Amino acid sequence: MSDPQTQIITIDGPAGAGKSTVAKQLAAELNLSYLDTGAMYRALTLKAIRQDVDLEDEDALVTLARQTTIDLENHASRVKVFLDDENVSEAIRTIEVTNKTFYVARAPRARAIMVEWQRAIGGRKGVVVEGRDVGTVVFPRATKKFYLDADIGERSRRRIAELREKGNDVDADKLTAELKERDHKDKTRNVGPLKKADDAILIDSTHLSIDEVIGEMLKHIKKDG
Ligand code: DC
């Protein structure tokens, strides 16, 4: 296998395909760190909402990004997200932040700043990184690239189960509609759209367990390493 210190494994795919769970476990398995790029977009969105920054104003988002520090810490399989030293790990997962993150995601110059941060983190040591454009834009020369997909029905069921487990009251139809809307926005934006890199391995997790997905990935990583 290539030097683990410099290995970069990318996992792109739509919301609810299982990227986070898989990426965290794969990182632990390979002794690499884990980078959740979506958490960065979410954290900047949270700050913009709190400071009443106009989400449609790209200049304002760029200025805000330049005044912001986002840190991601891995503690075993638990990940903490810090926004200017405040732990926002929970606060970035609200429905409001989830549904408003597309403003930052579609703003090219705000995106460029996020990409710069991600490359800086990924350049320090080996990493498993998940997102929408990590194999296409952020790390085009990654050691190994995966595109993790699943049926919309299955992704929706997983999200509903996850939210209900946390005690949330979920309207299933509304959640499915929001997921579809997010897919559409992710796939059609002009910068960093969600798409499979030509050299990424496609894994459909619809009928696979987490362990099966990880097993499949390890097989590919070890085969060519
Ligand atoms: O993975 P997530 O659901 O936490 O991501 C939240 C949003 O952030 C997602 O809908 C689009 C955006 N995002 C992005 O544009 N590029 C990435 N590499 C990761 C996330």
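The structure displayed is predicted, hence computed values, not measured ones. Every number for a ligand or one of its atoms is a count from 1 in the order of the listing.
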Problem - Protein residues that have a heavy atom under 4.0 Å from any atom of ligand 1, sorted by chain and number - result: T37, G38, Y41, R42, R93, T101, A105, R111, G131, R132, D133, R182, D186, R189

Practice task
Could you name each residue pair satisfying salt bridge (Lys or Arg N to Asp or Glu O under 4.0 Å) that touches residues 195-209, not counting sequence neighbours?
Solution key: K145-D199

Exercise for the section: Check salt bridge (Lys or Arg N to Asp or Glu O under 4.0 Å) between D149 and all other residues, then give those that pass, not counting sequence neighbours. Expected result: none

Problem - Closest approach of Q25 to D211 (non-hydrogen atoms, all atoms of both residues) - result: OE1-OD1, 4.0 Å

Problem - NZ/NE/NH1/NH2 to OD/OE distance under 4.0 Å, E181 and K185 - result: yes

Problem - Carboxylate-amine/guanidinium proximity below 4.0 Å for D36 and K24 - result: no

Handout entry: Which residues share a side chain to side chain donor-acceptor pair (under 3.5 Å) with R42, sequence neighbours left out
Key = T98

